[in-house]
Each structure stands twice: as C-alpha cells, then as structure tokens.
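Report on the structure given below.
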Amino acid sequence: MLSYLAERVFQSVLVLLVITAVGFVLFRYVGDPVLNMVGQDTSEKEIAQIRQDLGLNDPIIVQYGRYLRRAISGQFGKSFRHGRPVLDLFEERLPATVELSGVSTLLGLALAIPMGVFTGIRPNHPVSQFLLSFSLIGVSLPPFLIGILLILMFSVVLPWLPSFGRGTVTHLGGWTTGLLTMDGWRHIVLPSITLGLFQLTLIMRLVRSEMMEVLRTDYIKFARARGIATRAIYFGHALRNTMIPVVTITGLQLGGVLAFAIITETVFQWPGMGLLFLQALSVADLPVMSGYLLVVGVIFVSINLTVDLLYLVIDPRLRDGVRGK
Amino acid sequence: MNVKWLRFVQMWVVGALLLGGAAIADAATFRWANTGDAVSMDPYNVNESFTFGFTGNIYDGLVTRGKDLKIGPALAVSWKTLDPNTWEFKLRKGVKFHEGQDFTSADVVFSYNRALSEGSDIKANFVSIASVEAKDPLTVIIKTKQPNPILLADISFWWILSKDWCEKNGANGVADVRKAAVNYATIHANGTGAFILESREADVKTVLKRNPNWWGWKAGVGKSNVDEVVFTPIKQDGTRVAALLSGSVDMLYEVPIQDLDRIKQAGGKVFQIAETRTVFLGMDQFRDELIDSNIKGKNPLKDRRVRLALYKAIDEDLIVKQIMKGAAVSASSFVVKEMAGFDPKFKRLGYNPEEAKKLLTAAGYPNGFEVGFDCPNDRYVNDAQICQAVTSMWAKIGVQAKLNAQTKSLHFGKIGRLETSIYMLGWAPGTIDGQNALDNLLVTRTDGSGYGRFNYGRYSNPKMDSVVALARGELDAKKRTKLLQEALDMAHADVGSIPLHYQQVIWTSAKNVDLGQRADNIFCWYWVNVK
C-alpha cells in the first residue's frame, strides 16, 4: 500500500517536472520579454543591461534550475509586466476564476441532472429529442464561439446582460466576490453558461445513459413488481445509482473547466487566472507564464492522484492486486 | 440564528446600496476601453505612448499639445530663450497637486533629476539638456548642450511629479519595472492634472475622478462634463466591440477595421485621422551579399534601380482600399502634415509594374531574384496581410519574397540583430517632428551615437547626413523646415526605404459622446463630453 502510494506520488512529481521543463523551453519561443518592456528610445546598452540583470543571458538549463529551486521554496519570482510577486497576482486573480468555475459547475449540475433523468425516462418525448439535439451544440461548438454568440444575443441584440467584466466586487478579507450584489450576478451569467455548457452536456448525456442502463436492471423490475411508487423508483433508487460516475466525472472535469476558463475569461474579459496568463503570454511575461503552468499542473496532478487513491479505497479488487504485488 | 439572519439581510442591503450608488454615479461617468492597459502609473517607467497618454490625464507637463498638436503653455505659462542654449520658463501660479502640495520650480528640478535616475525609461528625451535649475519658485532655467530647436517637443511628454509626495512615499527614484520592481508611484499618482486617480487594478479596472481645481478648465485647455472616468482593458476584439454596441462602454480604441461598418450601422460614431505613424519597408543596403537570397556574390538591393522597381511594383492604393478598408493614407515620406519637415510637394511614386520589370532587367535581374522578407503579424493594423499582398505584387515582376511573418517580439528581435534583407517597420516620432524620423531611421547608423539606431537596412547618404546635422542645431523654424524637407527629399530620391502608408487613428464612441482626437493617438479625457 505504502509503496503504491510512494510510486504514485513519484510519478506525479515526474509529470510536474516534465510539464514545467517543456513549458520553460516552449516559452523561450514566444519572444523577447525585454523588447516588450522598453520603449523605442531605450538605448541598446540599457537593454543589454536589463537582459543581464534578469538572468536571461544564462543557458536555459541554468535558468530552469534556478526557477525550480525558487519554485520549491514557494517563490515564483516577480512578474516582468507588473513588477509584483507572481503569487500576489495569483492571489488577486484566483477568486474570480474559482467563482466562475464554481458557479458554472453548479449550474451545469443543477440543470444537467434533471435534464438527464428526463431524457433517460422518456427517450422518445419531443422535449427529450430537443434537449439531445440542443446538447450537441454544447459538445461541438468551441467555448470561444459560444461566448461570442451569447454576447451578441444577450448584450447586443437584447441588451439584458453586461458583455464583460465582473461588475461590482465586494472585498471580504483576502477574498473578493461578485456574488453578493445583483450586478455581480448579472455579470457572471453569460460566462458561467459559456464555461458550463460543455459540462452540462456531458453530464446530461452521462446521467441519461446511466439512467437507461439502471432502469433495465433486475432490481428496478423487482421494485416495480413490489408496487413501489414510480417516483421513488426513479429518484430514490435509480438516480442514486447513477450518481457515482457523475461525481467522478465532475471531479475530473474540474481540470477541464480550469483549462477552458482561459478562453472564457478572455472572451468576457473576466479578471481571473486564465486572463492573467493570456495577458502574460502577449508580453512574454515568463515568470507569470511558468507560474501559471505549475499551479495548473499541480491542480491537475493532485486531482488525478486523489482519484487514483480513492479508487483504491473504493474498489477492494484493486487493493488486493496491489497487495499481491 | 437571529444574528446570522441579520448579517445576511445587512449584506443584501449593503449590496443594494452599492448598486444604487453606482447607478447614480453613472450619469456623469465616462467608461472606455482599450486593448491593453498602461504599463504603470509612474510616467517615467516606460517610453510608450499609451502610458504617456494615460498618465497625461493625471499629470501635467510644462507644455501641452492641442488638438492640432501645436505646443502651448501648461504648467509653464511662457518661455523665452535668453541665449541659444538657455531657456527661461515662467511657471503657473497657484497650481496645486491633487493631495494639496503647491507646485513650484523645486518640483520641476526634482522631476528632471528623477527622469534621469536609474530605472527611468525616458532619459532619451533629455539628452540635449545640460541642466535644469530653479531661479525662483516660479522660474526655471533649462540649459542645453547645443542649441536645440525641438526642446519643447522633447519635453512635451515630460510630466511633473511632486517632490514632497515622492519623498514622503519613498518614490524618489523610478522603480525599474523592467527589472520587476515597483514602488509607491507605480500604482498611485499625485499630479496636477485634470483627473485624480481613485483606484487602480492593473489590467482590470482603473477609476478616476474629475479634478475640479484643474488650472486647465479655467485656462480653456480642457472642456468636459465628465465627473468620473472608468477604464477597462478588453483584450478580445469581438468583446470590445460588443461592449460598445451594448452600451457597456462609451468609447473604445483600437477598433478592428472590419467592424467599422457594423458600429456605424448601430449608430456609433467613428473618429478617423491620419496618424503620425508611417508603415514602411526597409532594405539591406550594406551587406555585399544578402543573407537569404539566391543571388550570390552581390547585393541586388544596393542597386537603386532594384529598390525603385520594388517600390513601383507595389500597388499601395489597392492595399489602402482592400486591406486597410480605407483606414490609411498612402505615404510619400515619413511625415504627416502636423510634423515639421512636411512638404506638400512630396508625391508617392506611381504604381507601374511594367516599368518595374524594365528596371529589374536593366539592373541585370530579368528573371528577378529570391529574397527574405520579415514582417510582424500583431503589431500594425493588418500587417501580415499587407506583407502577403506585397509578396504577391513582387511575384508579378519576378521577385520571390520569402515571407516570414511572426509575432512582434520575435520580429523586432530579428530585425534588431540586423538578420534581415527586407523588413516592415512602423514609426511614430514621439516629438511629432521630422527630425526624429531622420535621426532614427534614415541617417547613417553609427554605433554609440544613437543616430540611425533603427536604420536596420543601413541605408547611408553622407550628404543627407550633413543636412540633417545642420537641422539639429538650427533654431530658425523656417530654415530648419527647409533643411528637413531637403533631407527627406534626398532619402526619397535614393529610395532608401519604401514608405507604404500612414495608419489612421480610429476611435469609436457611442453617439452621445463628443471628443477631441489627436493624430498621435493620445487620448485626452478633458476634451470628452457625454450628452
């Protein structure tokens, strides 16, 4: 058991190392950060000096080593663009991303489960047909396009909702939230739909197929034979059994939400981590870019690690297999 | 339990009040958006026009430019030259900084020293100045090293900071953002200008309030009914335009030119003016063999006939019409009419591919040649498309340009190392003066002197150099203009480079907004009126 754990952790660390190394090398090709920092009248001597001071003249392996040493001690360096510690920037931007991902996930779940149940129970109902074909949009359209279409529809053609930003934000200690004001809620509607649509579709289809599967099983037939109310069968017995894969997938999708958040945040100028990353990319702000990659990498890897370990707890067969080794 | 409920109710009430408050303030609020944000609130951090323009609404300089870019008094009410190297500036009386400090000559001297301190990116504007001294609290003496006819232009983006404020807040020096440093002045500001910085979240939102005591309201420099300015950078073109169409912002630039019609249809206003920025192509006229051509042993671009052929093969009118959608003016030189050195006689050479072909044949390249062609793809309006069009126009006369269009930092890195044969570059002189274009782009590149630093093709005409040198010290405006015209004409005759067009400054706003537009793309909020 312990050795299995150690092995998994070791693998995760390896994955993180590879991610950061690849990112570090790739980022060298987005351009010269110094040229993005200086004006057109800055002398060449000064430019050379800045490059030297930032350590950009060192071989890439030396730079990477330095970066890793600092990262291990929790320092991501300072942003070239803002001149402030990268961690501070992340702290400022994290609430926006967490709020957006949270709301969109909850929204997705709240709509997807009833929709999935309905389409599972009544596969031939016109509403089911509509929901299923409609959900194709969620799977096939990229979030970028969905966002733009939503903006066009609900802020330009029908001027109901704001097209960008977070709106009124309340400061609560170190956290900022837009969920305490009506204005904040109005701002989060379109981005969260954009971000949540894919998940909504995925979970709806998952619930539907699981539901159809479960309804065919013997114990449901017995339950029916026993005369238990249909409602209780659907929601008490069937739905509960479909929840296990739904929870797993939702958890795993958190990583995906984070990744798609970059696009959604850019489209809606949502001041979160994704937008910060994209802004950093356009001026070759290396510390922010590497920091973001590392943070996202850690989140991805820890989710996967947790899921792996949870399986071990849940499924005795796996446990035995590990022990046998 | 009760306490919890109370808290909850309280929260909503506070929220509702906040909302209500926002709605009331909206009445005189001006909201606008741009692609990016100012780099810093410290006007000495970076030599970049957007940052200069932004901070110019909070700070003032000794002089200011009007809508026609003419220089007029600001914190200095008048000036005169005591001798060719000594300028005396009389300062405005009774001006106060936003936090209440009196503005005096000590602030000017302090700001000068601060601008020269380590970490400042605006040192280049002061190379001609020998010293800045306070004669009395309201008089400043500026001494130059040589007579400098464009001293006022050189200091037209030099904003004055408060000595007391900087000392109190530990912002005596300039934090070098380029080395990832910040200080108080990077996110706070205390100027004498028309607007007071209220809150600042870089890349997210900046809010400013009107300064009712600004001297410029009384002096007639600015006229505006705006009480509050809210600035949001919006990176995505589509989102930015949608924000205007939906009424979430009142004004924006940069505007994607393909959306202009859409904005006009929706009742928006479009402001257009020829920018001081010239987009042009430079050519390597130095190497004996080009680094990326199939012609070995000689450099075809050294031959004037070849350069002329390349020039005449470009149908600039078509580029302006099709690619720029009319949002550009074809260029004959490097100066628009607001700039010293402009000459109405300058004419662009006509498009004539047959003649171009003949010129190539005469130069010994009847079948053309291959050559590398470097372009940015995210710096100037539709830059990559322009280069593609030029490539196909050149193909018609047999010149096979190998187009390399890439992101700006890679592009400028490559051409900065002179690893290029033909390259695209755009230039907007910070001084709004032909001298600047000549000094940077056209005179012979000499290491160390700074002259010709952006003359990446290393075009060189010693005769022209000497004319430009004369202009540098000529204090008589008329004579000086003549010299600049003469120099620009010589470069034109040599086909030292191929000017393409002057980009247009395009701003758009909601129909209830009035504003003043400057050709150098500097946005002064004190000319904005919201009806």
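Reminder, nothing fancy here: chain letters follow the sequence lines and each chain counts from 1. Any value given below was found using the heavy atoms of this structure, including those in side chains, with hydrogens, waters and symmetry copies removed.
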Which atom of [X] lies closest to which atom of [Y], heavy atoms considered:
{"X": "B/D37", "Y": "A/R81", "value": "CB-NH2, 3.6 Å"}
{"X": "B/S248", "Y": "A/S163", "value": "OG-OG, 3.5 Å"}
{"X": "B/K235", "Y": "A/Q279", "value": "CD-CG, 4.2 Å"}
{"X": "A/V156", "Y": "B/R262", "value": "CG1-NH2, 3.7 Å"}
{"X": "B/T239", "Y": "A/F268", "value": "CG2-CA, 4.3 Å"}

For the backbone of B/P233 and the side chain of A/Q269, can you confirm whether one donor and one acceptor N or O come within less than 3.5 Å of each other?
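Yes; judged by distance alone, with no hydrogens or angles, the pair exists.
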May I ask you to name which of [options] has the most heavy-atom pairs under 4.5 Å with chain A?
{"options": "B/G416, B/G238, B/A243, B/G413", "value": "B/A243"}
{"options": "B/D237, B/T407, B/T232", "value": "B/T232"}
{"options": "B/T51, B/V249, B/I122, B/I234", "value": "B/I234"}

How long is the span from the [atom1] atom in [X] to the [atom2] atom in [Y], to the nearest 0.5 Å?
{"X": "A/I151", "Y": "B/Q236", "atom1": "CD1", "atom2": "CD", "answer": "9.0 Å"}
{"X": "B/T186", "Y": "A/R84", "atom1": "OG1", "atom2": "CZ", "answer": "9.0 Å"}
{"X": "A/F164", "Y": "B/S246", "atom1": "CZ", "atom2": "OG", "answer": "8.0 Å"}

At a 4.5 Å cut-off on heavy atoms, which part of [X] comes close to chain B: side chain, backbone, both, or neither?
{"X": "A/F154", "value": "neither"}
{"X": "A/R166", "value": "neither"}
{"X": "A/L161", "value": "neither"}

Mark yes when over 12 heavy atoms from residues, nucleotides or ligands other than A/I61 sit less than 6.0 Å from its CD1; otherwise mark no.
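At most 12 heavy atoms, drawn from other residues, nucleotides or ligands, come within 6.0 Å of this atom.
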Enclosure of A/W175 CH2 (heavy-atom neighbours >12, cutoff 6.0 Å):
yes
Hey, are the side chains of A/R93 and B/D203 touching, using non-hydrogen atoms and a 4.5 Å cut-off?
yes
